[in-house]
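These values consider heavy atoms only, across backbone and side chains, with no hydrogens, waters or symmetry-generated copies.
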Amino acid sequence: VQLQAFGGGLVQAGGSLRLSCVASGRTFSNYYVAWFRQAPGKEREFVGGISRRDISTYYADSVKGRFTISRDNAKNTVSLQMSSLKVEDTAIYSCAAAQAPASWSISDYDYWGQGTLVTVSS
């Protein structure tokens, strides 16, 4: 499956932004999808993920209550709605997919899209 992430940009602290991850190539509904981010000078970290048929979502503590993941399998799209953004949310955000990941760890994901930069200004 091929993935592409869209929607990054510059936003003020407290604002909102919506990222999209569009898939092609295989039956998208067979894949778990997760968002990861990498801030300057830091390691890539898990942001949130969604199961195959939108049954469950899971979030990192740092974004819980502010970020929401949803998917539309008919449109092969997973969205990351980010609200109440903070300066520390500044990072390159990437989406990734796997059919049967053991966890939300980076190493469990086989397919990656290119990142999209989110910059939150104070």
Side-chain donor or acceptor of [X] paired with backbone N/O of [Y] under 3.5 Å:
| X | Y | answer |
| --- | --- | --- |
| T77 | K75 | yes |
| S56 | S51 | no |
| Y59 | R66 | no |
| R37 | T90 | no |
| R52 | S29 | no |

Next on the checklist: Are the side chains of Q81 and S70 in contact, using a 4.5 Å heavy-atom criterion?
Outcome noted: no
[X] with [Y], same ILVMFWY side-chain cluster at under 4.5 Å:
| X | Y | result |
| --- | --- | --- |
| Y58 | I69 | no |
| F67 | V11 | yes |
| F6 | V47 | no |

Checklist entry - Could you walk me through whether K86 and D89 pass the salt bridge (charged side-chain N to carboxylate O under 4.0 Å, His left out) check? => result CA-CA 5 Å; K86 304 176 181 180; D89 293 319; over 6 Å; no
Item to check | Option among L17, L19, V63, T68 that satisfies the side chain to side chain contact (heavy atoms under 4.5 Å, CB included) test with L80 | outcome: L19
Distance from [X] atom [atom1] to [Y] atom [atom2], nearest 0.5 Å?
| X | Y | atom1 | atom2 | result |
| --- | --- | --- | --- | --- |
| Q4 | N76 | CD | CG | 12.0 Å |
| T57 | K64 | OG1 | NZ | 10.0 Å |
| S94 | R44 | OG | CZ | 5.0 Å |

Checklist entry - Can you pull the ring-ring contact (aromatic ring centres under 6.0 Å, His included) pairs that have at least one residue in residues 14-33, sequence neighbours excluded? => result Y31-Y111
Checklist outcome for this item: Heavy-atom nearest pair, A23 first then V1, reads CB-CG2, 3.8 Å
Checklist entry - More than 12 non-hydrogen atoms from neighbouring residues, nucleotides or ligands closer than 6.0 Å to NZ on K42, yes or no? => result no
Checklist entry - In terms of heavy-atom contacts, does CD of E43 have more than 12 from other residues, nucleotides or ligands at under 6.0 Å? => result no
Next on the checklist: In terms of relative ring orientation, are F46 and F36 parallel, tilted or perpendicular, with 30° and 60° separating the classes?
Outcome noted: perpendicular
With a cut-off of 3.5 Å and sequence neighbours excluded, list every side-chain donor-acceptor pair involving residues 112-122.
residue	atom	partner	partner atom	Å
W112	NE1	Y109	O	3.2
Q114	NE2	A5	O	2.9
T116	OG1	G8	N	3.0

